[in-house]
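Here's the structure we're looking at; comments come further down.
So you know, we letter chains A, B, ... as the sequences are listed, proteins then strands, and number each from 1.
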Number of protein chains: 2
Amino acid sequence: MRVSTRGRYGLRAIVDLAINQDSGPTPLRVVSERTKISEQYLEQLFTNLRKSKIVKSVRGAHGGYLLNNPPEDIAVKDVIEALEGPLAPSDCVLNRVCCDTNSDCVTHNLWVDVKEKIDNYLNSVSIADLIERYHNLSN
Amino acid sequence: MRVSTRGRYGLRAIVDLAINQDSGPTPLRVVSERTKISEQYLEQLFTNLRKSKIVKSVRGAHGGYLLNNPPEDIAVKDVIEALEGPLAPSDCVLNRVCCDTNSDCVTHNLWVDVKEKIDNYLNSVSIADLIERYHNLSN
DNA sequence: TTTAAATCTGAGTATTTTAATCAGTTTTAT
DNA sequence: ATAAAACTGATTAAAATACTCAGATTTAAA
């Protein structure tokens, strides 16, 4: 039950973008320096984030990435799903066909419920929330 | 964010044991037949379940496994943790040292909260609950 | 007292997933 | 022109997962 580095690194990168978004597009070189995530790995992650409309890109010299929406309107769930696909404790949660070849097997609904709990929570927390909570810690 | 087959298969095996526990110890051969999980893989899983006191074993001919407690008193969380160790969306949730080498990094508390949500839910559902919910579906 | 059914033990292996790199091409401000 | 940046697709290395294999040990019953 682990979120992969794609999701975790990507989320940290998005938070980094959010904090520094005033100064125009941020190149991945800079995000890489600040987050210590390799630039090439970030490129891979940002391909997904762009396709999912979490960020928009500015190509060429002085280009970089910008958030496509204000941090208040980006849920953590959006970012994680962009990078990892739908969260599912078990494959049977996504497919019609159940894990047990029995369409209403004993444990199927449990995993559906677990997914719902996680989805609801990650959908309730925005990038702005993360930043605010972080600042509150320092007080 | 997936529960491995260890956890999912193990849970199904425990439910199978719970349903059939009246008739004395159940050998893994029989659990294997009913659940379609290979007997050798079940052996591996039941080693963990026994060490975690979820089941007790009766060795020798006519032996098998029994639940160590009534199904009402076994939480799904107990079974999953016995088979997979503590659930953690990120390593930093378990270690003192945070993912970001910064002891209060932006995303750390998020993963702590996710773990808490999952733990609380899986702790609130017992094996007896699973069976009851399953029977209700058939009505 | 042999036999067969079962748990128990530890190793080994094949597959899949994850994490990351590599080698470029294309775009664009200066 | 040049340099800085996004973009693309392939490849590789490492780790985790999902098993299997080959036995040793225990015990009820014939």
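- Contact between the side-chain N/O atoms of Ser4(A) and the OP1/OP2 oxygens of dA19(C) is found at a separation under 4.0 Å.
- Atom CZ in Arg2(A) sits about 14 Å away from atom P in dA15(D), given to the nearest Å.
- The closest side-chain heavy-atom distance from Val3(B) to Pro89(A) is below 4.5 Å.
- Clustering ILVMFWY residues whenever any of their side-chain heavy atoms sit less than 4.5 angstrom apart, transitively, puts Val30(B) in a cluster other than the one holding Ile37(B).
- Side-chain contact check for Leu45(B) versus Arg6(B): some heavy-atom pair is nearer than 4.5 Å.
- Side chain Gln40(B) to base dC19(D): no donor-acceptor pair is found below 3.5 Å.
- A straight line from OH of Tyr41(A) to P of dA14(D) spans 15 Å, rounded to a whole angstrom.
- Applying the side chain to side chain contact (heavy atoms under 4.5 Å, CB included) test between Leu67(A) and each of Asp73(A), Leu49(A), Thr26(A), Ile14(A) identifies Ile14(A) as the sole match.
- Position along DNA chain C of the nearest nucleotide to Thr5(A) versus Ala61(A) favours Thr5(A) as the more 5'-ward residue.
- The separation between Ile37(B) atom CD1 and dT20(D) atom P is 12 Å, rounded to whole Å.
- Using a 4.0 Å cut-off, some side-chain N or O of Ser38(B) falls inside it from OP1 or OP2 of dT20(D).
- Contact between the side-chain N/O atoms of Tyr9(B) and the OP1/OP2 oxygens of dT17(D) is not found at any separation under 4.0 Å.
- Counting to the nearest Å, the P atom of dA4(D) and the CD atom of Glu43(A) are 15 Å from each other.
- Tyr65(B) comes within 4.0 angstrom of the backbone, heavy atoms only, and of no base.
- Going from atom CZ of Arg6(B) over to atom P of dT17(C) covers 18 Å, rounded to whole Å.
- The distance from atom CD of Glu39(B) to atom C1' of dC19(D) is 14 Å, rounded to the nearest whole Å.
- A donor-acceptor distance shorter than 3.5 angstrom exists from the side chain of Lys36(A) to the backbone of Glu33(A), with no hydrogens or angles considered.
- In this structure, the CD atom of Gln44(A) is 13 Å from the C1' atom of dT17(C), given to the nearest Å.
- Shown for residues 48-57 of chain B: residues whose heavy atoms fall under 4.0 angstrom of DNA chain C, namely Arg50(B), Ser57(B).
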side-chain contact (heavy atoms from CB on, under 4.5 Å) between Lys77(A) and Tyr121(A), intermediate numbers included | CA-CA 8 Å; Lys77(A) 174 164 178 280; Tyr121(A) 179 63; over 6 Å; no

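- Between the side chain of Arg59(B) and the base of dT25(D), at least one donor-acceptor pair of N or O atoms lies under 3.5 Å.
- Nearest-nucleotide assignment on DNA chain C puts the 5′-proximal partner with Pro27(B), out of Pro27(B) and Thr47(B).
- One hydrophobic cluster, built from ILVMFWY side chains closer than 4.5 Å, cannot hold both Leu17(B) and Val58(B); they sit in different ones.
- The phosphate of dA5(D) has OP1 or OP2 within less than 4.0 Å of a side-chain N or O from Arg29(A).
- Using a cut-off of 4.0 Å between Lys/Arg side-chain N and Asp/Glu carboxylate O, Arg2(A) and Asp91(B) are scored as salt-bridged.
- Residue Phe46(A) contributes atom CZ, which lies 15 Å from atom P of dA20(C) at whole-angstrom precision.
- Nucleotides of DNA chain D nearest to His62(A) and Met1(A) differ in position, and the one nearer the 5' end is that of His62(A).
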